[in-house]
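Below: one structure, written as structure tokens.
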Amino acid sequence: MTEDIRVRYAPSPTGHLHIGNARTAIFNWLFARHYNGTFVIRIEDTDSARNIADGEKSQLENLAWLGLDWDESPDKPGVYGPYRQSERNEQGIYQEFIDALLASGQAYKSYKTSEQLASEREAQQAAKQAPHYVYEYEGLTNEERESKYAEFEAQGLKPVVRFRVPEEQVYAWDDIVKGHIEIGAKEVGGDWVIQKADGMPTYNFAVVVDDHLMKISHVLRGDDHVSNTPKQIMIYEALGWDVPAFGHMALIINGETGKKLSKRDENLLQFVEQYKELGYQPQAMVNFIGLLGWSPKGEDEIFSLSEFKEMFDEKRLSKANAKFDQKKLEWVNNQWMRRDTDAVMPQLTQELVNADLLSADDAKTKKKWLEEVIRVAGVDGISYTRQIVELVRKPFFELSDITDEMVEYLTSEDGRQVADAWESAYKALPTNATAVDYMNTIRAIQNDLEIKGRNLWNPIRIMTTHEVQGPNLPEMLTLLDKDNVLKTMADVKMKYLA
RNA sequence: GGCGCUAUGGUCAAGUGGUUAAGACGUCGGCUUCUCAGGCCGAAAUCGAGGGUUCGACUCCCUCUAGCGCUACCA
């Protein structure tokens, strides 16, 4: 790689951080950091109608949550600011180049109304032609065109500025991920708008101006931008600028529809924030996303951001779209939670407070006990922290109802014997009995009564926890309050074994 | 419709002319002498189709098919 690598992530603040955008951001970050380049964040807010309050803030917060950092951004201005397109527009940055293009005749003002445009398009479609902008000043001299402008202005029409596309050109580039791509200028659909009637530059124009001014060397973005690329290259050329390297990454698609993730799909959580709320770990999100559309050399699957950074190689970016596999994400997250359970523990206990299983105060005073409960219940079996609630709820905070199946276990001949033996053995044990003590006690009953397996364990489980399944019973017993257990046993006995 | 891109198991994917076609998720089966979870072991692919090139093709070429993307005064 050459010196001065500068890459950017350029979101528009139209919502929270989307999985697809997060991926673009992550790979740009990886590219920048791997090659000791600069990572800049630029906000593309030229569509005021679609901007949402706090969209920008939320995006940056989520990026930071994922563990990304950046060198230049609206909140961390470098020398190429400002970093919001709306502000850049106010400073006349785009206007300068629009004027230059207008002056050189490479762009012109167009006063067609949206109705005119629509009917042109309809006519073309009716004639089975590809929709294509029709240049309205064909054959006119500059002076004649200027006087047309004046006419339209007099009618109170607001112009847009369109770029005069050199129709015979073919635009080609060597894509970092897809290889050589060529697209003819006539495929872009004719002269396109570079400045909207409200004075804002359009995306395809603003990106070029900004990327050039910000000295962006590599543009890594989604596949969906391939067909924008010729438009952008023509602007670079018209302005006499060097064209950066482009890389178009395959898209993440919805497993059910097979289509590009759309914010409207409701069968899939697609905002980073939603995963965060469920208790997914940022490292896991990065890990999973980093493996979507990119593959490492070896056979390992669990990587931290900094490991990805070390290994990063743009040549291993995949060309084919990848389906978003929630199951795999869950597995990756489980791996991260197990890898450092201590770090996740505060989050796990907080989930129980959030679910009203206990008060925040109790969570504090019973911290040790709570952590043991969580460990015994088994972090191994959950995909994200929110799931700990249901794992721990019964029997630690609530008791299930006794089912018919349980009654059968209790009232069988074996059941009655085990119940009696267990009751007296349990009563005889000290309050601070260990899991080993409980285990030995149960084994002793097994030997005495010569009853084993479910017929032995289930009656004990049912009497003490109202369950026939669950985590290791001896360990659970050390965490249950003895008086409560005695009461539960007495109730069960009275109700079913009297 | 046009243009562009892509094509290895349900999913993510390794693989660059000769391999038993890695690995992971998921699924299914077995084991772990209470269950759940976890762990361990094991199973499952005519490499989109059809033609070539070659002693030999997942790998190279052609055609077809399918999927996706774009086709705005959205970004």
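Remember, it's a predicted structure, so these values are computed and weren't measured experimentally. Residue numbers begin at 1 in each chain, while the letters A, B, ... track the order of the sequences.
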Does any nucleotide pair with [N] by Watson-Crick or G-U wobble geometry, both distances under 3.5 Å, and what is it?
N     : answer
B/G67 : B/C5
B/G18 : B/C55
B/U46 : none

Charged N-O contact under 4.0 Å between [X] and [Y]:
X        : Y        : value
A/Glu56  : A/Arg84  : yes
A/Asp342 : A/Arg375 : yes
A/Asp47  : A/Arg50  : yes

To the side chain of A/Lys328, which of B/C12, B/A7, B/A14 is closest?
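It is B/C12.
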What is the distance from [atom1] of [X] to [atom2] of [N], rounded to the nearest Å?
X        : N     : atom1 : atom2 : value
A/Leu329 : B/C25 : CG    : C1'   : 11 Å
A/Leu292 : B/U6  : CG    : P     : 19 Å
A/Tyr171 : B/C3  : OH    : P     : 19 Å
A/Lys323 : B/C12 : NZ    : P     : 6 Å
A/Asn254 : B/U11 : CG    : P     : 13 Å
A/Asp174 : B/G4  : CG    : C1'   : 16 Å
A/Glu330 : B/C12 : CD    : C1'   : 15 Å

How would you list all residue pairs meeting salt bridge (charged side-chain N to carboxylate O under 4.0 Å, His left out) that involve residues 246-262 of chain A, not counting sequence neighbours?
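Only A/Asp224-A/Lys260 qualify under salt bridge (charged side-chain N to carboxylate O under 4.0 Å, His left out).
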Give me the distance, rounded to whole Å, that separates B/C58 from B/U6 when you measure between the C1' atoms they each carry.
16 Å
Phosphate contact (B/C12 OP1 or OP2) by A/Arg23 side-chain N/O below 4.0 Å:
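Answer no for this pair, as no side-chain N or O of A/Arg23 is under 4.0 Å from OP1 or OP2.
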Closer to the 5' end of RNA chain B via nearest nucleotide, is it A/Gly179 or A/Asp300?
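Counting from the 5' end, the first nearest nucleotide belongs to A/Gly179.
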Identified side chain to side chain donor-acceptor pair (under 3.5 Å) counterpart of A/Tyr111 within the set A/Gln116, A/Gln155, A/Glu136, A/Glu153:
A/Glu153
Which ring-ring contact (aromatic ring centres under 6.0 Å, His included) pairs, counting each pair once, include a residue from residues 371-404 of chain A, with sequence neighbours left out?
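Listed once each, the pairs are A/Tyr280-A/Tyr384, A/Trp369-A/Phe397.
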Which pairs, with at least one residue in residues 172-191 of chain A and sequence neighbours excluded, count as a side chain to side chain donor-acceptor pair (under 3.5 Å)?
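Residue pairs with at least one partner in residues 172-191 of chain A: A/Tyr108-A/Asp191, A/Arg164-A/Asp191, A/Trp173-A/Asp175, A/Asp174-A/His180, A/Asp175-A/His248, A/Lys178-A/Asp223, A/His180-A/Glu182.
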Which residue pairs pass the side chain to side chain donor-acceptor pair (under 3.5 Å) test when at least one of the two sits in residues 119-131 of chain A, sequence neighbours left out?
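Sorted pair list: A/Lys112-A/Glu120.
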Whether each nucleotide of nucleotides 64-75 of chain B has a protein heavy atom under 4.0 Å at its base (B), only at its sugar-phosphate (S) or at neither (-) is summarised, 5' to 3', as ----SSS-SBBB
Base-contact (B) and sugar-phosphate-only (S) positions in nucleotides 33-48 of chain B, heavy-atom cut-off under 4.0 Å, - elsewhere:
-BBBSSS---------
With salt bridge (Lys or Arg N to Asp or Glu O under 4.0 Å) as the test, would you mind laying out the steps for A/Arg393 and A/Glu398 before giving the verdict?
CA-CA 6 Å; A/Arg393 183 187 296 274; A/Glu398 293 169 18; 3.0 Å; yes
